[in-house]
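Each remark here refers to the structure printed beneath this line.
Lettering follows sequence order; numbering is per chain, from 1. Just so it is clear, the structure is predicted and the values come from calculations on it, not from any experiment.
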Amino acid sequence: GAVVSQHPSRVICKSGTSVKIECRSLDFQATTMFWYRQFPKQSLMLMATSNEGSKATYEQGVEKDKFLINHASLTLSTLTVTSAHPEDSSFYICSATRGRGPYNEQFFGPGTRLTVL
Amino acid sequence: AQKITQTQPGMFVQEKEAVTLDCTYDTSDQSYGLFWYKQPSSGEMIFLIYQGSYDEQNATEGRYSLNFQKARKSANLVISASQLGDSAMYFCAMRSLTGGFKTIFGAGTRLFVKA
(Lines give C-alpha, C1' and ligand atoms only; values in the text may rest on other atoms or scores of the structure.)
Protein backbone atom coordinates (compact mmCIF):
# COMPACT_ATOMS: atom_id res chain seq x y z
CA GLY A 1 0.00 0.00 0.00
CA ALA A 2 0.90 3.64 -0.24
CA VAL A 3 3.03 5.23 2.47
CA VAL A 4 2.46 8.48 4.29
CA SER A 5 5.11 9.76 6.65
CA GLN A 6 4.97 12.37 9.38
CA HIS A 7 7.79 14.25 11.00
CA PRO A 8 8.46 14.57 13.82
CA SER A 9 6.82 11.60 15.50
CA ARG A 10 7.02 13.27 18.88
CA VAL A 11 7.68 16.84 19.92
CA ILE A 12 7.82 18.61 23.25
CA CYS A 13 7.85 22.39 23.26
CA LYS A 14 7.43 25.32 25.58
CA SER A 15 4.24 27.30 25.75
CA GLY A 16 4.24 30.18 23.28
CA THR A 17 6.45 28.56 20.68
CA SER A 18 5.38 27.38 17.24
CA VAL A 19 5.67 23.82 16.03
CA LYS A 20 5.68 22.58 12.45
CA ILE A 21 4.56 19.07 11.54
CA GLU A 22 5.27 17.67 8.08
CA CYS A 23 3.16 15.14 6.23
CA ARG A 24 4.52 13.49 3.09
CA SER A 25 3.10 10.97 0.67
CA LEU A 26 6.18 8.95 -0.21
CA ASP A 27 5.18 6.95 -3.26
CA PHE A 28 2.15 8.68 -4.70
CA GLN A 29 0.81 12.11 -5.47
CA ALA A 30 -1.88 13.03 -2.99
CA THR A 31 -4.95 14.74 -4.38
CA THR A 32 -6.04 15.79 -0.96
CA MET A 33 -4.53 15.76 2.48
CA PHE A 34 -6.40 15.85 5.75
CA TRP A 35 -5.32 16.83 9.24
CA TYR A 36 -6.87 15.22 12.28
CA ARG A 37 -6.52 15.75 15.98
CA GLN A 38 -7.04 13.03 18.53
CA PHE A 39 -7.26 13.50 22.28
CA PRO A 40 -6.55 10.52 24.56
CA LYS A 41 -9.21 7.83 24.40
CA GLN A 42 -11.20 9.82 21.86
CA SER A 43 -11.92 9.61 18.18
CA LEU A 44 -10.21 11.43 15.35
CA MET A 45 -11.58 14.91 14.76
CA LEU A 46 -11.03 16.42 11.34
CA MET A 47 -9.33 19.79 11.55
CA ALA A 48 -8.90 20.75 7.93
CA THR A 49 -8.76 19.56 4.35
CA SER A 50 -6.06 20.78 2.03
CA ASN A 51 -5.59 20.54 -1.71
CA GLU A 52 -2.29 21.31 -3.37
CA GLY A 53 -1.97 24.94 -4.36
CA SER A 54 -5.11 26.15 -2.65
CA LYS A 55 -6.08 27.32 0.79
CA ALA A 56 -7.07 24.77 3.34
CA THR A 57 -10.69 24.32 4.31
CA TYR A 58 -11.06 24.34 8.06
CA GLU A 59 -13.73 22.60 10.04
CA GLN A 60 -16.04 24.62 12.21
CA GLY A 61 -14.43 25.60 15.46
CA VAL A 62 -10.84 25.20 14.25
CA GLU A 63 -8.85 28.43 14.36
CA LYS A 64 -7.15 28.89 11.02
CA ASP A 65 -4.72 31.45 12.44
CA LYS A 66 -3.64 29.04 15.12
CA PHE A 67 -3.33 25.96 12.94
CA LEU A 68 -1.65 27.06 9.73
CA ILE A 69 -1.74 24.56 6.90
CA ASN A 70 0.42 24.82 3.82
CA HIS A 71 0.05 22.33 1.00
CA ALA A 72 3.14 23.17 -1.00
CA SER A 73 3.15 20.24 -3.39
CA LEU A 74 1.29 17.05 -4.25
CA THR A 75 3.44 15.17 -1.78
CA LEU A 76 3.85 17.59 1.13
CA SER A 77 1.52 19.32 3.56
CA THR A 78 2.57 21.06 6.76
CA LEU A 79 0.65 21.94 9.89
CA THR A 80 2.06 24.70 12.05
CA VAL A 81 0.68 25.12 15.54
CA THR A 82 1.37 28.76 16.33
CA SER A 83 1.88 30.05 19.85
CA ALA A 84 1.23 26.62 21.26
CA HIS A 85 -0.40 26.23 24.66
CA PRO A 86 -0.81 23.17 26.90
CA GLU A 87 -4.38 22.67 25.63
CA ASP A 88 -2.92 22.12 22.14
CA SER A 89 -1.21 18.99 23.40
CA SER A 90 -2.65 16.17 21.36
CA PHE A 91 -1.98 13.49 18.77
CA TYR A 92 -2.02 14.95 15.27
CA ILE A 93 -2.57 12.62 12.33
CA CYS A 94 -2.45 13.42 8.65
CA SER A 95 -3.84 11.38 5.81
CA ALA A 96 -3.76 11.52 2.04
CA THR A 97 -5.91 10.26 -0.78
CA ARG A 98 -5.23 9.73 -4.45
CA GLY A 99 -8.71 10.67 -5.54
CA ARG A 100 -11.84 12.39 -4.30
CA GLY A 101 -14.45 9.72 -4.61
CA PRO A 102 -15.79 7.70 -1.69
CA TYR A 103 -14.02 4.66 -3.06
CA ASN A 104 -10.53 6.00 -2.81
CA GLU A 105 -8.51 4.63 0.05
CA GLN A 106 -7.21 7.08 2.59
CA PHE A 107 -3.67 6.51 3.75
CA PHE A 108 -2.75 7.65 7.23
CA GLY A 109 0.52 8.87 8.59
CA PRO A 110 1.85 7.43 11.85
CA GLY A 111 0.89 10.54 13.82
CA THR A 112 2.75 13.20 15.78
CA ARG A 113 2.41 13.46 19.51
CA LEU A 114 2.66 17.08 20.61
CA THR A 115 3.24 17.98 24.23
CA VAL A 116 3.23 21.64 25.19
CA LEU A 117 4.72 22.40 28.58
CA ALA B 1 -25.95 15.39 8.49
CA GLN B 2 -23.36 12.68 8.34
CA LYS B 3 -22.91 10.66 11.49
CA ILE B 4 -21.28 7.45 12.63
CA THR B 5 -22.35 5.79 15.87
CA GLN B 6 -20.43 3.14 17.75
CA THR B 7 -22.28 2.27 20.92
CA GLN B 8 -19.77 -0.14 22.45
CA PRO B 9 -16.98 1.74 24.28
CA GLY B 10 -15.29 -1.54 25.18
CA MET B 11 -15.62 -5.20 24.28
CA PHE B 12 -14.04 -8.35 25.62
CA VAL B 13 -13.56 -11.53 23.62
CA GLN B 14 -11.88 -14.82 24.34
CA GLU B 15 -8.95 -15.71 22.13
CA LYS B 16 -9.99 -17.78 19.09
CA GLU B 17 -13.62 -16.69 19.33
CA ALA B 18 -15.46 -14.36 17.00
CA VAL B 19 -16.56 -10.86 17.95
CA THR B 20 -18.87 -8.31 16.36
CA LEU B 21 -18.26 -4.58 16.67
CA ASP B 22 -21.33 -2.48 15.99
CA CYS B 23 -21.55 0.54 13.73
CA THR B 24 -24.53 2.49 12.50
CA TYR B 25 -24.41 5.46 10.20
CA ASP B 26 -26.58 8.26 8.98
CA THR B 27 -26.41 9.87 5.55
CA SER B 28 -28.80 11.08 2.90
CA ASP B 29 -26.40 10.15 0.11
CA GLN B 30 -27.01 7.14 -2.08
CA SER B 31 -23.31 6.73 -2.80
CA TYR B 32 -20.93 6.39 0.12
CA GLY B 33 -18.10 4.30 1.42
CA LEU B 34 -17.79 2.65 4.80
CA PHE B 35 -14.46 1.80 6.37
CA TRP B 36 -13.09 0.12 9.45
CA TYR B 37 -9.73 1.03 10.92
CA LYS B 38 -7.69 -0.49 13.72
CA GLN B 39 -5.61 1.73 15.97
CA PRO B 40 -3.16 -0.10 18.26
CA SER B 41 -1.50 1.66 21.17
CA SER B 42 1.22 2.92 18.85
CA GLY B 43 -1.35 5.26 17.32
CA GLU B 44 -1.09 4.32 13.66
CA MET B 45 -4.34 3.90 11.78
CA ILE B 46 -4.52 0.55 10.02
CA PHE B 47 -7.08 0.10 7.25
CA LEU B 48 -9.02 -3.14 7.67
CA ILE B 49 -11.95 -3.31 5.29
CA TYR B 50 -14.10 -1.26 2.92
CA GLN B 51 -17.75 -1.53 1.84
CA GLY B 52 -19.28 0.55 -0.92
CA SER B 53 -22.93 1.48 -0.66
CA TYR B 54 -23.68 -0.20 -3.99
CA ASP B 55 -21.80 -3.37 -3.20
CA GLU B 56 -24.29 -6.21 -3.07
CA GLN B 57 -22.05 -8.60 -1.23
CA ASN B 58 -20.58 -8.13 2.21
CA ALA B 59 -16.89 -7.27 2.13
CA THR B 60 -14.39 -9.76 3.51
CA GLU B 61 -10.65 -9.46 4.12
CA GLY B 62 -9.09 -12.47 5.76
CA ARG B 63 -10.46 -12.73 9.30
CA TYR B 64 -12.42 -9.51 8.89
CA SER B 65 -15.87 -9.32 7.40
CA LEU B 66 -18.36 -6.51 7.25
CA ASN B 67 -22.02 -7.26 7.93
CA PHE B 68 -23.62 -4.58 5.76
CA GLN B 69 -27.34 -4.01 6.25
CA LYS B 70 -28.16 -1.03 4.10
CA ALA B 71 -31.81 -0.66 5.07
CA ARG B 72 -30.86 -0.57 8.73
CA LYS B 73 -27.81 1.62 8.00
CA SER B 74 -25.51 -0.66 9.88
CA ALA B 75 -22.01 -1.84 9.02
CA ASN B 76 -20.84 -4.15 11.77
CA LEU B 77 -17.32 -5.56 11.76
CA VAL B 78 -16.92 -9.24 12.48
CA ILE B 79 -13.51 -10.52 13.53
CA SER B 80 -13.25 -14.29 13.44
CA ALA B 81 -10.77 -16.38 15.43
CA SER B 82 -9.63 -13.47 17.59
CA GLN B 83 -5.95 -13.18 18.35
CA LEU B 84 -4.18 -11.40 21.20
CA GLY B 85 -2.79 -8.96 18.65
CA ASP B 86 -6.32 -7.86 17.80
CA SER B 87 -6.51 -5.93 21.08
CA ALA B 88 -6.77 -2.34 19.93
CA MET B 89 -9.15 0.53 19.27
CA TYR B 90 -11.44 0.05 16.28
CA PHE B 91 -13.04 2.91 14.36
CA CYS B 92 -15.89 2.80 11.90
CA ALA B 93 -15.76 5.58 9.30
CA MET B 94 -17.67 6.93 6.32
CA ARG B 95 -17.00 9.07 3.26
CA SER B 96 -19.68 10.51 1.01
CA LEU B 97 -20.35 13.23 -1.55
CA THR B 98 -22.48 15.29 0.80
CA GLY B 99 -19.72 15.06 3.33
CA GLY B 100 -17.29 16.51 0.81
CA PHE B 101 -15.48 13.20 0.70
CA LYS B 102 -14.17 13.88 4.16
CA THR B 103 -13.87 10.82 6.34
CA ILE B 104 -15.83 11.03 9.55
CA PHE B 105 -15.17 8.62 12.38
CA GLY B 106 -17.22 7.03 15.08
CA ALA B 107 -16.22 7.23 18.72
CA GLY B 108 -14.47 3.89 18.53
CA THR B 109 -14.63 0.58 20.36
CA ARG B 110 -11.75 -0.73 22.42
CA LEU B 111 -11.39 -4.47 21.99
CA PHE B 112 -9.69 -6.60 24.61
CA VAL B 113 -8.76 -10.15 23.63
CA LYS B 114 -8.33 -12.48 26.60
CA ALA B 115 -5.96 -15.44 26.56
Which of B:I46, B:D29, B:T103 touches chain A most, by non-hydrogen pairs under 4.5 Å: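 Sorted descending by pairs with chain A, the first entry is B:T103.
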Option that, when pairs with chain A are counted at under 4.5 Å, heavy atom only, ranks first among B:R110, B:M94, B:K102: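 The residue among B:R110, B:M94, B:K102 with the greatest pair count is B:K102.
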Proximity breakdown for B:Q6 and chain A, heavy-atom pairs closer than 4.5 Å: neither
Toward chain A, the part of B:F47 with a non-hydrogen atom under 4.5 Å: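 It is the side chain, since no backbone atom gets that close.
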A:L68 and A:K20, any side-chain heavy atoms less than 4.5 Å apart: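 In short, these two side chains do not touch, never coming nearer than 4.5 Å.
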Polar side chain donor-acceptor pair, B:E17 to B:S82, under 3.5 angstrom: no
Residues, nucleotides or ligands: over 12 heavy atoms within 6.0 Å of A:K64 NZ: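 Not buried by this count: 12 neighbours or fewer within 6.0 Å.
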Between the side chain of [X] and the main-chain N/O of [Y], is any donor-acceptor distance below 3.5 Å?
{"X": "A:S50", "Y": "A:A56", "answer": "no"}
{"X": "A:S90", "Y": "A:Q38", "answer": "yes"}
{"X": "B:R63", "Y": "B:I79", "answer": "no"}

Which atoms of [X] approach chain B - backbone, side chain, both or neither, heavy atom under 4.5 Å:
{"X": "A:Q106", "result": "both"}
{"X": "A:L46", "result": "side chain"}
{"X": "A:Q6", "result": "neither"}

